[in-house]
Amino acid sequence: MQWKQIPLGPLQTNCYILWNTKNECLVIDPGGEGEKLIQWLESQSLTPLAILLTHAHFDHIGAVDHVRENYRIPVYVHEKEAQWLLDPALNGSQLFMMGELIRLKPADYILTTEKNLSIGDFELQLFETPGHSPGSISYYVQESEIVLAGDTLFMGSIGRSDLPGGNHKELLASIHDKLLTLPETTTVLPGHGPETSIEGEMDSNPFLNGF
């Protein structure tokens, strides 16, 4: 399986495309610039199967409906943030976007618990990793040794927990209990900034001293 990081939207949020040898793909966190994303997918002759959300803050969901309607594919989100797609006050666009309110259609699949998720030939392990937001999810793809961590863990940093529903203690517990238990060779694909690794963050992330 291959993957591509594409920064999109007002905060250049990392959208990720995972694709297989059939040129089928998953779209993770399409944060904005839907037409740009669709043009890239078409240039690669990729066929999206689904949109997966690590969480439902405005900068991660801005192009969801554009992509969903273009390809007629389902959207997956955690139950604790299902209403955020519909409500600009919850997803933060009312506060941060200066009038550019994001109101999306409801998600097609509501994720309620940790499990193995199968979409076409794709197999992902779903981890609940709250702290940055109450419904934050990380998706682990064992065969490719990657984890899509959203805004939970970054290179040399961790997610902010001062937004509504955030919890610093919960965030650290999510990182410690769910992410740092993965193989150290696992590549971390964060919601912003460059990729990193579990080993690298265990060794040098100043926010994880003592872990």
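Heavy-atom basis, side chains included; hydrogens, waters and symmetry copies ignored.
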J.: Taking atom NZ of K80 and atom OG1 of T112, what is their separation to the nearest 0.5 Å?
T.: 11.0 Å
J.: Going by salt bridge (Lys or Arg N to Asp or Glu O under 4.0 Å), name the pairs with one or both residues in residues 117-132, residues two or more places apart or in two chains.
T.: K22-D121
J.: Under 3.5 Å, is there a donor-acceptor pair linking the side chains of E195 and T187?
T.: no
J.: With ring pair (Phe, Tyr, Trp, His ring centres under 6.0 Å) as the rule and sequence neighbours excluded, what pairs involving residues 155-175 come up?
T.: none
J.: Kindly say whether D59 contributes a backbone atom to a donor-acceptor pair with the side chain of T13 at under 3.5 angstrom?
T.: yes
J.: Could you tell me which residues satisfy side-chain contact (heavy atoms from CB on, under 4.5 Å) with E69, sequence neighbours excluded, listed by chain and number?
T.: D65, K105
J.: E170: which residues meet the side-chain hydrogen bond (donor to acceptor under 3.5 Å, both in side chains) condition with it, sequence neighbours left out?
T.: none
J.: Mind checking whether L126 and L189 sit in one hydrophobic cluster, side chains of I, L, V, M, F, W, Y counted as touching below 4.5 Å?
T.: yes
J.: S133: what forms a side-chain hydrogen bond (donor to acceptor under 3.5 Å, both in side chains) with it, not counting sequence neighbours?
T.: E81, S136
J.: Who pairs with Q2 by side-chain contact (heavy atoms from CB on, under 4.5 Å), at least two apart in sequence or on another chain?
T.: W19
J.: Quick check against the 3.5 Å criterion: does S204 have a side-chain atom that pairs as donor or acceptor with the backbone of G200?
T.: yes
J.: From L26 CG over to I51 CD1, what is the distance, rounded to the nearest 0.5 angstrom?
T.: 10.5 Å
J.: Identify every side-chain donor-acceptor pair in residues 139-160 under 3.5 Å, counting partners at least two apart or on other chains, and give the distances.
T.:
unit_1: Y139; atom_1: OH; unit_2: L53; atom_2: O; d: 2.9
unit_1: E145; atom_1: OE2; unit_2: T185; atom_2: OG1; d: 2.9
unit_1: D151; atom_1: OD1; unit_2: H60; atom_2: NE2; d: 3.3
unit_1: D151; atom_1: OD2; unit_2: H60; atom_2: NE2; d: 3.1
unit_1: D151; atom_1: OD2; unit_2: H132; atom_2: NE2; d: 3.4
unit_1: T152; atom_1: OG1; unit_2: A149; atom_2: O; d: 3.4
unit_1: R160; atom_1: NE; unit_2: D162; atom_2: OD1; d: 2.7
unit_1: R160; atom_1: NH2; unit_2: D162; atom_2: OD1; d: 3.2
unit_1: R160; atom_1: NH2; unit_2: D162; atom_2: OD2; d: 3.0

J.: Side-chain heavy atoms nearer than 4.5 Å, only ILVMFWY residues, links allowed to pass through others: does that put I28 and I73 together?
T.: no
J.: Would you say T54 and D29 are linked by a side-chain donor-acceptor pair, where the criterion is simply a distance under 3.5 Å?
T.: yes
J.: Holding to side-chain contact (heavy atoms from CB on, under 4.5 Å), I want the full list of residues that pass it with L90, two or more places apart in sequence or in another chain.
T.: Q83, W84, D87
J.: How would you list, by chain and number, every residue that makes a ring pair (Phe, Tyr, Trp, His ring centres under 6.0 Å) with Y76, sequence neighbours excluded?
T.: Y109
J.: Tell me whether I175 shares a hydrophobic cluster with I198, the cluster being built from Ile, Leu, Val, Met, Phe, Trp, Tyr side chains joined at under 4.5 Å.
T.: yes
J.: Between S161 and N167, is there a donor-acceptor pair closer than 3.5 Å when you use the side chain of the first and the backbone of the second?
T.: no
J.: Under the side-chain hydrogen bond (donor to acceptor under 3.5 Å, both in side chains) test, which residues partner N23, sequence neighbours left out?
T.: none
J.: Who passes side-chain contact (heavy atoms from CB on, under 4.5 Å) against E184, sequence neighbours left out?
T.: E199, M202
J.: Hey, what do you get for CD (Q125) to NZ (K178), rounding to the nearest 0.5 Å?
T.: 10.0 Å
J.: Should I137 and H78 be marked as a side chain to side chain contact (heavy atoms under 4.5 Å, CB included) after you check the CA-CA gap, both sets of side-chain angles, and the distance that decides it?
T.: CA-CA 7 Å; I137 295 170; H78 193 278; 3.5 Å; yes
J.: Output a table of donor-acceptor pairs, distance under 3.5 Å, between side-chain atoms of residues 4-11 and any protein atom two or more places apart or on a different chain; print 'none' if there are none.
T.:
unit_1: Q5; atom_1: NE2; unit_2: Y16; atom_2: OH; d: 3.1
unit_1: Q5; atom_1: NE2; unit_2: G193; atom_2: O; d: 3.3

J.: Which value, rounded to the nearest 0.5 Å, describes the distance between K115 atom NZ and L117 atom CG?
T.: 6.0 Å
J.: Quick one about H192 and Q12 (side-chain donor to acceptor, distance below 3.5 Å, no hydrogens or angles considered), yes or no?
T.: no
